[in-house]
Structures are given as C-alpha cells and as structure tokens.
Amino acid sequence: MLGLMQDWPLLAHTIIDHAAIQYGEREVVTRSVEGPIHRTNYAEVRERALRVAQALDKDGVKLGDRVATLAWNTWRHLEAWYGIMGIGAVYHTVNPRLFPEQIAWIINHAEDRVVMTDLTFIPILEAIADRIPSVERYVVLTDKAHMPATKLKNAVAYEDWIAAVDGKFAWKKFDENTAAGLCYTSGTTGDPKGVLYSHRSSVLHALLACMMDTLSVSAKDSILPIVPMFHANAWSLAFSSPLAGAKLVLPGAKLDGVSVYELLETEKVTFSAAVPTVWLMLMQHMQKTGAKLTTLQRVAIGGSACPRAMLEFFENIGVSVYHAWGMTEMSPIGSVGQVKPGLEGLSGAALFDLKSKQGTAPYTVEMKIVDDSEARLPWDGVKFGRLKVKGPAIVRRYFKRENEDILDAEGFFDTGDVATIDPNGYMQITDRAKDVIKSGGEWISSIDLENTAVGHPKVAEAAVIGVYHPKWDERPLLVVVPKEGETIDEKELLAYMDGKIAKWWMPDAVQVVTEIPHTATGKINKLKLRETFKEYKLPSA
Ligand code: ADP
C-alpha cells in the first residue's frame with residue numbers, strides 16, 4: 001500500500017521561491033568583482049533568476065543542457081544557479097584555479113553550451129576559446145559600463161542579457177531526479193570526474209545542512225560563505241541560506257584576511273565557512289593588528305584537516321568551531337563536529353580533542369570503516385580503515401562513466417580516506433589513503449604530524465610526505481614554512497614534537513621551504529611535493 005500524501009517534487013529552485021515569499025526582504029550583500037559593495041534581497045534574486053531562465057530559454061537552452069559558470073560568490077552567480085536549474089538545465093561550476101588545459105578538458109567533457117563568467121576569468125577563456133567548440137555564447141557577469149571588448153563568441157553583458165527579456169516566465173516542470181548541478185573532482189589522479197547532483201539530492205542536502213547539529217543554518221544568521229560555489233557547492237550554503245532565510249554575505253574575489261575581516265564586522269556575520277588556508281590569512285591579520293571579532297559565533301572549517309592551533313585560536317576568542325568533512329562526491333557534507341549530549345561536560349584539552357575529530361554523520365549519511373578484506377571494523381576510536389559512505393546525496397556513478405560501478409556490494413562509495421570512528425560516532429580522518437606513510441608495514445598519519453608541527457609558534461604551514469627508506473620502505477619527511485621573520489631550527493622543532501606523537505612517527509628529517517604548493521581547492525599538493533622530493537635522501541637511510 002502506498003501513502004496518500006502529495007507528490008511535491010523536491011526541486012531546488014523552490015528554495016528561492018520560499019525565500020522570496022517568507023524572507024523577501026532578507027539581504028544578499030556582495031563585495032562585487034567591480035569593487036563596490038552591492039545589496040539586493042531574496043525577492044529580487046528570484047525575480048532576476050526568472051529572467052536568467054527566460055533568457056536561456058530564448059537562447060534555446062533545454063532540459064539537461066549544461067551551462068558553465070566560472071565565477072566568484074556573488075549575487076549574480078546565485079541568480080545564475082537558480083535560473084539555470086529553473087528550466088531543468090544544469091549549472092556546471094568550473095574551478096577557475098585549475099590549469100587552462102584542465103578547464104578546457106572539463107568544458108569539453110561537459111559539452112557546456114553557455115559559459116557565464118566573471119570579468120576576472122575572461123583572459124583564461126580567451127586563451128582556450130578555440131578549443132571549446134561546444135560553447136555557443138559567453139555571458140559576462142557584469143553590466144554595460146564594465147563590459148570589456150572581447151572576441152569571445154556572442155559575448156553579452158549579463159545585465160543587458162537579462163534586460164532583453166520581460167521577466168514574465170514560470171519555472172519549467174520536471175521530475176525531482178532531474179540533474180541540477182555538475183562539479184568535477186580535481187583529478188589529481190587521472191582525468192577529472194564529474195559529479196552530477198539532482199534537484200532531489202540538492203534539496204535533501206540543503207535540509208541536512210540546516211539541521212541544528214549540522215551547520216545549524218537559521219533565519220537569524222548572517223552567513224558569509226567564503227568557500228567558493230565552485231568548490232563543492234560552497235558546502236550547500238547557496239541552497240541552505242535561502243532555504244532558512246539567512247542573510248547572505250558574498251565575498252566576491254577578495255578572500256584575503258583584511259577583506260574577510262571587514263565583511264565579518266560590517267555585515268555582522270554570525271556564521272562563516274572556509275578551508276584552513278583562508279582562515280590562516282584571517283588569523284594572521286588579526287594577530288598582526290590586534291583586530292577583534294564582535295559578532296561571529298561559529299565557523300565551519302573543512303576541506304582539509306583543521307589544525308589544532310586554529311581550533312584553539314577560534315575557541316579561545318569565543319567562536320565555536322564546527323570541524324567538517326566531506327567531498328565533492330557527497331554534495332559535499334559528510335560529517336560535522338558538534339558536541340553530542342553526554343559530552344557537554346568536556347572542557348580544555350579534552351574538548352579540543354573531541355573537536356579535532358571530523359565529527360559525526362548527520363541523517364542521510366551512513367558510514368562504515370573497513371579493512372583490506374572489506375570486513376567492517378569496530379567503532380572503537382583506534383582501529384582505522386577505509387571510510388565508505390552511503391546516502392541520497394552521495395554519488396552513484398560519475399557523469400559519462402555510467403558503465404563504471406563505483407559502489408561496493410552493500411552500495412557504499414569508497415571515499416579514499418582512512419579513518420577511525422569512536423564509540424560516540426565521531427569519525428577522525430587519519431589520512432587520504434594515498435598520502436598515508438607506510439613505515440615497516442605500519443601506517444603513519446601525515447595529518448597528525450602536520451597538526452603537531454603547526455602548533456610550534458614559528459611554523460606557518462607544515463606538510464609531511466613519505467620518502468623512500470631502504471629499511472622501513474618509507475619514512476616521514478617534514479616540510480615547513482616559517483612564519484614571517486622567523487627561522488626554524490630542525491632540532492628545536494623535533495624536540496617540540498617529542499612526546500606529542502608516537503616515538504616511531506617522529507619525522508626523519510625537516511626541510512624548511514618558503515612555500516608549500518597548493519591544489520586548486522586550497523589543499524596541500526602532496527603529489528607535487530612528492531615530485532619535488534623524489535630524489536631526496538634521508539640522512540638515516
Ligand atoms: P578536491 O580533492 O578536489 O579538493 P574535495 O573537496 O571533494 O575535492 O576533497 C575531498 C577530500 O578532502 C576528502 O576526501 C578528504 O580527503 C579531504 N577533506 C575534506 N575535509 C576534511 C577534513 N575536515 N579533514 C581532513 N580531510 C578533509
């Protein structure tokens with residue numbers, strides 16, 4: 001027997017409808033790419049998103065067609081997403097920090113028909129334009145006054161483009177399982193892989209993000225998503241903020257410490273989300289100038305492990321840290337570290353230990369850890385194994401690789417991460433499977449070592465890689481960047497780490513460098529680092 005409730009399809013653009021009805025006046029503030037602060041609200045965003053939909057429809061874009069965006073977090077990018085989805089087309093966020101060849105590869109693979117771009121990325125597109133034949137039109141996210149001369153095919157200023165339609169348009173109707181968004185993983189191994197979100201998965205994921213014990217997105221919040229919409233959907237905030245009716249503050253192209261601090265204060269931000277490298281810039285700005293935060297209540301930190309020193313910095317100034325873990329394949333939220341009932345009594349180091357973990361899985365995310373024979377491992381906080389996940393907002397197949405089965409016999413997706421899960425359900429990432437250091441048959445966590453090293457007052461950033469050792473196979477090499485004006489002494493640093501990590505985990509050597517390479521999503525580029533130190537001979541070898 002089937003239930004007798006209404007069939008109300010979970011379509012992602014109904015989120016902006018709801019925001020316009022219930023929170024129409026709620027502000028959407030942007031540091032525009034052109035410079036000035038721009039203010040609009042959800043009612044206007046919806047109205048203009050309908051114009052985007054109408055303009056695309058007029059240009060012949062149809063259900064299932066892909067529309068690329070190379071854009072910062074701005075109100076126009078937000079309108080573009082909802083407008084694209086509202087006719088059943090697919091927004092395709094392209095990470096502009098990728099190499100131009102990768103961008104061309106991805107646009108070709110997606111067969112994008114339209115590219116919407118910020119002014120910033122026009123030179124990149126001009127350089128690859130003759131290699132991306134599927135693109136019929138470029139919409140530049142600006143107005144007539146700022147529109148540059150460009151040879152890009154059928155280039156039009158966004159404001160002119162949406163002014164050319166009358167706005168009398170209704171969203172198209174289709175099934176909730178229709179594709180809504182597309183995002184490629186960075187492809188550090190092999191070709192990039194496309195993750196194709198559906199309307200249903202995006203709505204369910206937005207609801208998940210709003211839950212009190214997940215990101216607790218609320219109408220009472222002023223939210224600054226620093227994490228870009230092109231990096232794993234800005235961790236749902238372009239969906240969950242309007243869904244909840246939160247004020248939205250968008251940073252545009254400026255993610256440096258000074259600019260972020262200014263927005264946090266002037267827009268009375270209560271919640272913000274970013275990767276550790278971005279928070280590091282804010283921390284350095286605050287430490288240098290003595291600037292204080294007066295409204296910020298909580299921050300989500302994820303994308304790579306939140307260093308202990310960063311956790312302590314925020315918690316000690318009264319800003320609660322939600323350490324979050326996830327991936328493009330998971331829409332992206334997989335876990336968030338809040339304090340469960342029964343653990344509220346924790347304080348000091350014990351609380352920080354708990355908050356250092358990547359947190360617990362919310363409803364709609366099932367987790368397991370398994371050994372090499374696929375047997376489930378106990379949740380004892382000690383045994384670690386491959387972390388696998390299952391749920392309605394988690395990838396089933398990659399785009400145009402529908403013949404490849406990527407789930408195990410129980411329907412779980414392998415995250416490529418290695419983790420422990422404790423009896424309270426708190427998951428802790430030990431490493432990425434490919435970054436773990438294999439020493440004498442045992443595993444050493446590069447993340448733990450990095451975290452410990454950045455706790456040293458003179459260390460700005462640390463990375464650990466395994467390098468060849470004739471006896472142990474691999475041993476850890478610690479690569480560090482000193483803080484401005486500091487010099488690092490190897491012996492002093494290792495002495496500092498002594499006692500904080502297992503003796504046999506101690507790095508065999510330290511290399512001081514001026515810069516550690518990063519990936520397009522702001523993570524330490526271990527692949528590049530391993531290449532740099534390929535010929536490195538450990539003194540102990
Ligand atoms: P990319 O690899 O392109 O940066 P993702 O954002 O999808 O794309 O990366 C997901 C991976 O990032 C995870 O599988 C995990 O290895 C790592 N990661 C994400 N959040 C955390 C975290 N809080 N701690 C440790 N690793 C994390």
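Here the structure is a predicted model, which is why all the values come from computation and not from measurement. Counting starts at 1 for both ligands and their atoms, following the listed order.
Distances between N or O atoms of Gly302 and those of ligand 1 include no value under 3.5 Å. When only interatomic distances are considered, the shortest N/O to N/O separation between Ala305 and ligand 1 falls below 3.5 Å. Between Met327 and ligand 1, no pair of N/O atoms sits closer than 3.5 Å. Remark: ligand 1 and Thr519 share no N or O pair separated by less than 3.5 Å (distance only, no angle test).
Those atoms of ligand 1 that come under 4.0 Å of a heavy atom in Ala324, given as number and element, are 20 (N), 22 (C), 23 (N). For ligand 1, the atoms lying closer than 4.0 Å to a non-hydrogen atom of His231 are 6 (O). Ligand 1 places these atoms under 4.0 Å from at least one heavy atom of Gly326: 10 (C), 11 (C), 13 (C), 19 (C), 20 (N). Taking every heavy atom of Arg432 and a limit of under 4.0 angstrom, the matching atoms of ligand 1 come to 2 (O), 9 (O), 10 (C), 11 (C), 12 (O), 13 (C), 14 (O), 15 (C), 16 (O).
Side-chain contact of Asp431 with Ser446: a donor-acceptor pair under 3.5 Å is present, judged by distance alone.
Between Tyr82 and Phe239, the angle of the ring planes goes over 60°, which puts this pair in the perpendicular group of the 30/60° scheme. Between Tyr184 and His92, the angle of the ring planes lies from 30° to 60°, which puts this pair in the tilted group. In this pair, Tyr261 and His285 present their aromatic rings tilted. The plane angle is within the 30 to 60° band. Ring planes of His77 and Trp81: perpendicular class, angle over 60° (limits at 30 and 60°).
Applying the side-chain hydrogen bond (donor to acceptor under 3.5 Å, both in side chains) test to residues at least two apart or on different chains, none of the pairs has a partner in residues 274-284.
With a 4.0 Å cut-off on non-hydrogen atoms, Thr521 touches ligand 1 through its side chain and not its backbone. Proximity of Cys306 to ligand 1, defined as any heavy-atom pair under 4.0 Å, is not found for any part of the residue.
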What verdict does the side-chain contact (heavy atoms from CB on, under 4.5 Å) test give for Leu282 and Leu264, after you've listed the backbone C-alpha separation in whole Å, the side-chain angles of each residue and the deciding distance to 0.1 Å?
CA-CA 10 Å; Leu282 175 74; Leu264 287 171; 3.9 Å; yes
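At least one heavy atom of Gly303 lies less than 4.0 angstrom from ligand 1.
With atom 13 (C) of ligand 1 as the reference point, the heavy atom nearest to it among Asp417, Asp431, Thr415, Ile333 is part of Asp417.
Residues His205 and Ser331 share a closest heavy-atom pair of CE1-O, 3.3 Å.
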